[in-house]
Amino acid sequence: APAPSPGLVGRLFGTAPAAPPEEPRRALDDAMLEELEDMLVQADLGVDTALRVTANIAEGRMGRRVSSTELRQLLAGEIARIMAPVARPLPIYPKKPQVVLVVGVNGAGKTTTIGKLASQFRAAGKSVMIAAGDTFRAAAVEQLQIWGQRAGVPVMVAAQGSDPASLAFDAMTRAEAEGADLLMIDTAGRLQNRADLMEELAKIVRVIRKKDPTAPHNTLLVLDATTGQNALNQVETFRQLADVSGLVMTKLDGTARGGVLVALADRFGLPIHAIGVGEQIDDLDAFDANDFARALVG
Ligand code: GDP
C-alpha cells in the first residue's frame, strides 16, 4: 500500500520511521519558515496570509527546535484564530419572510446549497419557499424543482427567459400571503456579461424592497472550493454586483481542502455560514474553525 500523505507540515520533516521513539525536530529558522510559507501558498492561503501566519508562528520562537506535532498545533492554532470570527451560521431574522438571495457563478453549487438549506430549515420547523430566479437556464430551474421536491418545499418558477425580478416580486407576494418563514431566491450566475448581471441583481433587490425595505436579509455567495484562488476574484466581483453578506463554500468533500477560505477570511472577513461536503441533501455542515484548521493542516 502507498505510504499515507505526510500532509502540509509532515513534508517539512521528511519521511519519519514507522514508529519513531521520539519525533524528529527541526530548528525554526529562516529556511524552515520559507518552506512553510511556500506550502501555505500552495495550499491556497495566498501570499499575504501565508506571510502573516508564518510571521506569527516565528514570533518569539526563532531557533527553537520544534517537532512536527508542535508545528502542526501552532499552525492549526494560527489558522483557527483567523477563522473563528467568520464561523457564523446564517443569522435568523424575526422578519417574515426572511429573504435570502443566493448568488454565485454557474456550477458553484447554488441550486444544491439552496436545496440543502431548505431541507435544514424545514427540519427546524420553518416554512420555506424557493424562487427559481435563473429564468434563462431551463436546466437550472429543473434542478431546483427536483431539490424542492426532495426538501419538500414549493419552488416558484416563471416562463423561460422572463424577468427574474417579476418572479421575485410574485414570490414575495406568495411568501407573505402564505406566511412563509423563509424565501430563498436563486439567481443567474453568468459572469460573461457583468453589467447585465449587475442590473438583473439590482432589479431583483429593488423589486423585493418594494415589498420589504429591509430585504434581502442575507445575500449568500456560493463558492466552489475546487476553484482555489479564483474564489478571491469571485468574492471581489460579486461584492461589486451585490451586497454579499456571507459565504458558503461547496465541494469540500473532495481533494480541495479549502485553504482559500483562510485568505478570504483574512481579506474580507465575511461570515462563512456553511460548507458543502457532498451531493446529497444532508451534505451541508456548519463551518467549524477548529475542525477546518486541523483538516487543512493535516
Ligand atoms: P449551480 O449552477 O451554482 O446551481 O450549481 P449546482 O448546484 O447545480 O452544482 C453544480 C455541481 O456541483 C452539481 O453536480 C452538484 O452535485 C455539485 N455539488 C454542489 N455542491 C457540492 C458539494 O458540496 N460537494 C460535491 N462533491 N459536489 C457538489
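Order of appearance sets the numbers: ligands from 1, and atoms from 1 within every ligand. These figures come from a predicted structure and were not determined experimentally.
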Review point. Less than 4.0 Å between a side-chain N and a carboxylate O, is that true for K110 and D134?
Key: no
**Study point:** Pair R26 + E70: basic N to acidic O under 4.0 Å
**Key:** no
Revision key, fill the gap. Ordered by chain then number, the protein residues lying under 4.0 Å from ligand 1 by heavy atom are V105, N106, G107, A108, G109, K110, T111, T112, K116, R137, T250, K251, D253, G276, V277, G278, E279
Check your understanding: Which residue pairs satisfy the salt bridge (Lys or Arg N to Asp or Glu O under 4.0 Å) criterion with at least one member in residues 222-244, sequence neighbours excluded?
Key -> D224-K251, E236-R267
Check your understanding: Tell me, which pairs form a salt bridge (Lys or Arg N to Asp or Glu O under 4.0 Å) where one or both residues lie in residues 73-101, sequence neighbours left out?
Key -> E78-R81, K96-D181
Point to revise | Pairing residues for M129 by the side chain to side chain contact (heavy atoms under 4.5 Å, CB included) criterion, not counting sequence neighbours | key: P154, M156, R174, A175, E178, A180, L183
Review point. Distance only, no hydrogens: is a donor on one side chain within 3.5 Å (strictly under) of an acceptor on the other, for E23 and S68?
Key: yes
